[in-house]
Every structure is written in C-alpha cells, then in structure tokens.
Amino acid sequence: MFSSRLLRPLHQNRRNIRQNKSLVVHLNSTTPITTIEPRYLSFSIDISVLAGGFWWEGSQGTQRGLGTQRVEPLDLQQEKLDLLVQALGAAYVRVGGSEADNIHYFTTPSTTDNPEALIVTQEMWHQLHDFCQRNELGLMFTMKYGLFDRRQQGNWQAYEVKSLLEYSQAHGQNIDICELGNELNAYWAFHGLTSQPSAKSLAKDYDVFIRCVRQYSPNSKIAGPGSAFWPRIGEAIKPFSNLSASFLESLEESLDIVDWHYYPFQSSRSPVKTRAASISNLLSPNSLLDYEKYSRQLEKLRHQHQPNAQLWTGETGSAQCGGQAKLSDRFASCFWWADQLGRGAKIGQKVMIRQSLIGGDYALINRQTLNPNPDYWVSWLWGKLMGEHVFDVQSDDPYVQVYCHSAKKAGKCTLLIINMSASPKILQCNGFGSKKKRFEITADSLTSKKIRINGLKPKFRNGKVKLKDFPKLSKLNLVSPYSINFWCFTV
C-alpha cells in the first residue's frame with residue numbers, strides 16, 4: 001500500500017475546491033493537426049504465451065530477456081476472451097516477443113532433438129487466424145531471424161519464412177504485417193554479446209526478407225526495425241546497439257512501417273534499471289517526456305530514409321520484464337497509459353501496440369482469471385470515445401495532461417484529461433461547444449485492482465458493457481484528484 005499522504009487527497013472535502021488551481025484549455029481550431037489509424041489502440045500476444053514458452057508470471061528474475069517459468073500454451077478458444085477483445089473494437093494483434101527468434105514453425109522440419117524446443121504447431125497457427133477473424137483483428141507477426149552466430153549475419157536465408165508465407169497463402173490466412181526478428185538492437189541482452197548484428201548486416205538481411213514477403217505475401221505490409229529504447233538512455237550502447245539510424249540509412253528496400261519498442265519503467269525483475277517502476281515515478285510528469293523525445297528522433301529518421309512509411313509504437317507496456325507486480329495491474333498504471341495514448345497520437349504515432357493483451361503483470365486481461373485489469377478500462381473508454389482526428393490543446397499544469405480528438409460521430413469531440421495530482425482542479429474549456437457527457441475513472445486508492453467509471457464498477461452484462469450503463473455526472477468543470485476523464489462535447 002502507499003502512504004497516508006497519498007491516500008488522504010482521494011477523500012478531500014470538496015469545500016476546499018476554491019483553494020485549488022483553475023486551468024483553462026482552449027480549442028482554437030477544429031482543423032486536425034494529425035490523424036491516427038482506425039486500429040490505433042492495438043495489443044500483443046507474446047509468442048511465449050501463445051506457444052507455451054518461458055514467461056514472467058511466477059518468475060522472480062530473468063534469463064536472457066525471458067521469464068524463468070514455462071507456461072501452458074494460451075487457449076484462444078475461450079468465449080470470455082472473445083467478448084473482452086470484441087469490446088475493445090477493431091485492432092491489430094502483434095504476435096512476437098523474445099522467443100520469436102527461437103521458435104520452430106510446423107512448416108519446416110525441426111533440426112533439433114531438444115524436447116524443450118518451442119514450436120508453433122499447425123493447430124496453434126490455425127487457431128490464431130480463427131481468433132483474428134472472429135474478433136476483427138489484423139495480424140502482425142514477428143518472423144524468425146535467429147542468426148545468433150555473427151559470422152552468418154548478412155547472409156540470412158528466407159526458407160523458413162517462405163514456407164510459412166506459402167502455407168498461409170494456400171489456406172487463405174492473411175498476415176497483415178510482417179517484421180523480422182524481435183528487438184534486433186538488443187540481441188546482446190537476449191542471446192549474448194557475440195550475437196549482436198551490426199546495422200549494415202541487419203539491413204542486408206532485411207532487404208532479403210522484404211523481397212521474400214513482397215513475392216510470397218504481396219498484400220502484407222512490412223515493419224522494421226522494432227528497436228528497443230530504454231528510458232533515459234534511448235538505444236543504449238553506442239555504437240554497439242544504437243543501430244536504427246544506420247539501419248534505415250543502409251536499407252535498400254522500402255518499409256511500410258518504421259516501428260520501435262518502448263517501456264517507460266523497469267520492473268524489479270529487470271537486471272538493469274534506468275527508471276524503476278514505483279508510484280512516485282508512475283505519477284511523475286518527467287517520466288512521460290522520454291517517450292516524446294525518442295519518438296521525435298525516430299520521426300526524423302523516418303522522414304530522411306523512409307518518407308512513405310508510417311511511424312508505429314510496435315510494443316509498449318508499463319514496465320520491462322513482465323510489468324511490476326502490484327503496480328502494473330493496478331489503478332496507478334492507468335495514468336502513464338492514458339497519457340501515452342494521447343501523447344503518441346498527438347506526435348504522429350499511427351498505431352500503439354500494448355504489451356500485452358493477456359499474460360504478465362502488465363496485461364490488459366489477467367491470464368488466470370480472464371478479469372480485466374484497470375488499464376483495460378482506459379482502453380475501452382478510449383475506443384468508445386476517441387476518434388481518428390487529433391486536435392491541438394495544451395495544459396499549463398504538468399500534472400494535468402490534456403488531449404483532444406474527434407468523437408466517433410461527426411460534429412463532436414472528446415477531451416481527455418489526466419489529473420496526476422492529489423488536488424481537484426477546476427477546468428475551464430473554451431471553444432469546445434456544449435458539454436454533453438463526462439466519464440471519469442477513479443479508484444479507492446492508487447493500488448486498487450478495481451476502478452470505477454462515474455462511481456460504478458464496470459461489469460459485463462449479457463456479454464456486453466455499454467456507455468449508458470454508467471450514471472450521468474453533473475456538468476460541473478470539476479476534475480477529481482487522481483482521475484482520468486473523458487469529456488464529450490458537441491462542437
């Protein structure tokens with residue numbers, strides 16, 4: 001639990017409101033500054049969870065970027081899982097992760113006699129595509145790179161990828177987006193120092209990969225390089241793993257998507273911590289700034305070397321190495337997530353892929369119980385209320401972040417207000433039109449596992465949850481302490 005100093009403001013007497021700062025937010029123009037993809041809010045299923053590899057739940061530490069406990073393969077045929085996914089709306093599901101480079105595909109005869117080898121079976125592959133089709137999901141799949149011997153890098157062979165693509169084409173199975181390898185600038189951490197590819201070798205292999213996909217799955221888009229960025233230090237060790245710039249400069253073929261991975265915090269499992277996951281860090285405005293810094297760096301590189309490609313956040317979660325127990329699955333995690341959704345859209349990220357849909361402390365859905373974690377409900381409200389057009393709004397209080405989008409219906413907009421402070425705020429909105437509805441996420445404490453929307457705990461009824469299930473709030477301009485708010489306007 002957190003201190004009484006943090007608890008007390010959640011129950012502050014509203015007679016003290018006049019003592020708190022008032023904020024003014026202006027909507028000066030309804031001309032969008034940018035747009036996002038319809039499937040902007042997307043998510044991942046780690047290949048370790050899908051195929052039954054090493055995962056974080058129950059693990060106290062790491063082994064080369066993986067958890068220490070093996071899990072059972074994920075059952076994708078659970079009706080409740082379908083209902084939870086469908087409630088989030090159309091999305092991409094990325095299947096990747098650290099073991100994507102160790103995986104064996106059913107289409108290629110295994111060259112190992114290791115009974116512990118991780119295999120995507122034919123049944124798993126078909127269930128994955130059925131899962132995507134049922135739930136309106138586009139599939140993003142991380143193909144195996146696997147070159148752990150540096151002497152082989154620059155001479156990658158496409159036969160495993162070719163076999164999987166040919167099989168999928170023959171069975172009418174669409175792979176919307178293909179990428180090669182997982183966090184290739186972090187191979188030194190996952191597979192040992194001698195496994196780290198150089199930027200030029202990686203670009204040479206990626207060119208082969210791109211040509212293979214264009215030939216055998218011509219409708220698929222291609223993403224890369226999926227570089228991992230750490231808070232405070234970016235791509236880490238120069239020039240050893242700082243390869244995005246050189247990779248994009250050396251690449252001959254064109255990408256459809258330039259993507260990157262970012263976690264703002266590290267869990268207690270992480271062997272290296274540049275910003276630990278703690279309540280004070282989760283609620284610090286300074287913790288949010290690195291994401292924008294690195295995003296703008298990638299945007300500049302994309303513009304220089306792949307100007308026709310979109311910029312995606314290909315993987316993100318609250319804390320590296322599975323999330324932080326009793327924080328990543330609690331209300332405190334909602335603030336960075338709401339902010340990164342809003343901030344990412346505003347600065348030009350077209351898609352945001354959350355690690356993970358299911359599995360780990362950072363999951364939207366608890367793998368054992370299939371109960372939604374607090375971040376799920378932020379995602380659900382975002383999907384219901386935030387449209388594709390992004391407008392420019394500002395806040396002069398760093399503890400109150402604001403973002404504005406068109407609503408799902410024409411002539412309406414939604415203002416996202418994130419109050420990370422212990423004080424209520426009075427918010428004056430200028431240029432927004434008339435306020436119609438308010439939806440407010442709060443909890444009894446920052447470490448609560450349950451949240452409330454407009455004072456009511458959200459529940460599925462007859463397999464659905466609807467906005468009209470929640471009581472109406474007054475149209476006062478009050479923003480509660482430690483709250484995430486969606487205010488709906490008619491422009």
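- Listed by chain and residue number, S318 satisfy the side-chain hydrogen bond (donor to acceptor under 3.5 Å, both in side chains) test with S328 (two or more places apart in sequence, or in another chain).
- Qualifying side-chain contact (heavy atoms from CB on, under 4.5 Å) partners for A407, counting only residues two or more places apart in sequence or in other chains: K412, T414.
- Closest approach of P374 and S448 over heavy atoms only: CG-O, 4.1 Å.
- Applying the ring-ring contact (aromatic ring centres under 6.0 Å, His included) definition to pairs two or more places apart or across chains, those involving residues 71-101 are Y92-W312.
- Pairs passing the salt bridge (charged side-chain N to carboxylate O under 4.0 Å, His left out) check and including a residue from residues 315-334, sequence neighbours excluded, read R94-E315.
- The neighbour count for Q78 CD, taken as heavy atoms of other residues, nucleotides or ligands under 6.0 Å away, is above 12.
- Inspection of the Q153 and S198 side chains reveals no N or O donor paired with an N or O acceptor under 3.5 Å.
- E166 meets the salt bridge (Lys or Arg N to Asp or Glu O under 4.0 Å) test with K162; sequence neighbours excluded.
- Checked against the 6.0 Å centroid criterion, the rings of F209 and Y145 do not qualify as a close aromatic pair.
- Within the 4.5 Å cutoff, no side-chain heavy atoms of R211 are placed close to those of Q215.
- Evaluation of the side-chain contact (heavy atoms from CB on, under 4.5 Å) rule for S280 yields S278 as partners, not counting sequence neighbours.
- A donor-acceptor contact under 3.5 angstrom links the side chains of E37 and Q310, judged on distance only.
- Contact check on D101 versus K144 returns no salt bridge, with no Lys/Arg side-chain nitrogen under 4.0 Å from an Asp/Glu carboxylate oxygen.
- Checked against the 6.0 Å centroid threshold, F190 and Y187 do not count as a close aromatic pair.
- Taking the six-membered ring for Trp and thresholds of 30 and 60 degrees, Y376 and F460 have ring planes inclined between 30 and 60 degrees apart.
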I'd like to know whether V390 forms a side chain to side chain contact (heavy atoms under 4.5 Å, CB included) with T35, so could you lay out the CA-CA distance, the side-chain angles of the two residues, the decisive distance to 0.1 Å, and finally the verdict. CA-CA 6 Å; V390 184; T35 60; 5.9 Å; no
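- Looking only at distances, no side-chain donor or acceptor of E136 sits under 3.5 Å from a matching main-chain atom of A90.
- Under 3.5 Å, the side chains of S284 and N281 contain no donor-acceptor pair of N or O atoms.
- Residue E79 places its CD atom among 12 or fewer non-hydrogen atoms of other residues, nucleotides or ligands, all under 6.0 Å distant.
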Run the side chain to side chain donor-acceptor pair (under 3.5 Å) test on W156 and S201 for me, step by step, so that the C-alpha distance in whole Å, both residues' side-chain angles and the decisive distance to 0.1 Å come before the verdict. CA-CA 9 Å; W156 180 78; S201 293; over 6 Å; no
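- Judged by a 6.0 Å distance limit and a 45° cone about the ring axis, R70 is not positioned over the six-membered ring of W55.
- A donor-acceptor contact closer than 3.5 angstrom is absent between the side chains of E440 and N454.
- For K273, the NZ atom counts as densely surrounded, since its 6.0 Å shell holds more than 12 non-hydrogen atoms of other residues, nucleotides or ligands.
- A donor atom on one side chain and an acceptor atom on the other are found under 3.5 Å apart for K80 and N371.
- For the residue pair W56 and T68, no side-chain donor N or O sits within less than 3.5 Å of a side-chain acceptor on the partner.
- Between R302 and D259 no salt bridge is recorded (no basic side-chain N to carboxylate O distance below 4.0 Å).
- You'll find the ring centres of Y167 and H126 inside the 6.0 Å limit.
- In summary, the side chains of S483 and N419 do not present any donor paired with an acceptor at a separation below 3.5 Å, with no hydrogens or angles considered.
- At distances below 3.5 Å, at least one donor-acceptor pair connects side-chain atoms of Q266 with backbone N or O atoms of R275.
- Under a 4.0 Å N-O distance rule, the pair E299/R296 does not qualify as a salt bridge.
- More than 12 heavy atoms of other residues, nucleotides or ligands shown are found within 6.0 angstrom of NZ on K408.
- In this model, no donor atom of one side chain and acceptor atom of the other lie less than 3.5 Å apart for Y362 and D375.
- Judged by distance alone, with hydrogens and angles left aside, the side-chain atoms of Q297 form no donor-acceptor pair with the main-chain N or O of L301 at under 3.5 Å.
- Across N155 and D205, no two heavy atoms sit closer than the pair N-OD1, 3.0 Å.
- Panel note: side chain S163, backbone Y159; a donor-acceptor pair is recorded below 3.5 Å.
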Between H104 and L118, is the side chain to side chain contact (heavy atoms under 4.5 Å, CB included) condition met? List the steps. CA-CA 6 Å; H104 294 277; L118 194 63; 5.9 Å; no
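- Here D469 pairs with nothing under the salt bridge (Lys or Arg N to Asp or Glu O under 4.0 Å) rule; sequence neighbours left out.
- Checking Q69 against E57 by side-chain atom types alone, no donor-acceptor pair falls below 3.5 Å.
- With contacts defined as side-chain heavy-atom distances shorter than 4.5 Å, the pair M140/E179 qualifies.
- The side-chain hydrogen bond (donor to acceptor under 3.5 Å, both in side chains) test applied to D149 returns R151, not counting sequence neighbours.
- In this structure, E72 places its CD atom where only 12 or fewer heavy-atom neighbours from other residues, nucleotides or ligands lie under 6.0 Å away.
- The backbone N or O of L243 lies less than 3.5 Å from no partner atom in the side chain of N185, so there is not a single donor-acceptor pair.
- Judged as a salt bridge (charged side-chain N to carboxylate O under 4.0 Å, His left out), the pairs with a partner in residues 336-345 (not counting sequence neighbours) are, in order, E292-R343, D339-R343.
- Identified under the salt bridge (charged side-chain N to carboxylate O under 4.0 Å, His left out) test for residues 212-237, with sequence neighbours left out: R214-D256.
- Taking the six-membered ring wherever Trp is involved, the centroid distance between the rings of Y294 and W230 does not fall below 6.0 Å.
- Residue pairs satisfying the side-chain hydrogen bond (donor to acceptor under 3.5 Å, both in side chains) criterion with at least one member in residues 44-53, sequence neighbours excluded, are listed as follows: S44-Q355, D46-S48, D46-Q355, S48-E99.
- The shortest non-hydrogen separation linking S227 to S244 is OG-OG, 2.8 Å.
- Listed by first and then second residue, the ring-ring contact (aromatic ring centres under 6.0 Å, His included) pairs involving residues 260-283 are F229-W260, W260-Y262, W260-Y291, Y262-Y291 (not counting sequence neighbours).
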Side chain to side chain contact (heavy atoms under 4.5 Å, CB included), that's the test. Do Y482 and T442 meet it? Break it down for me. CA-CA 7 Å; Y482 297 127; T442 56; over 6 Å; no
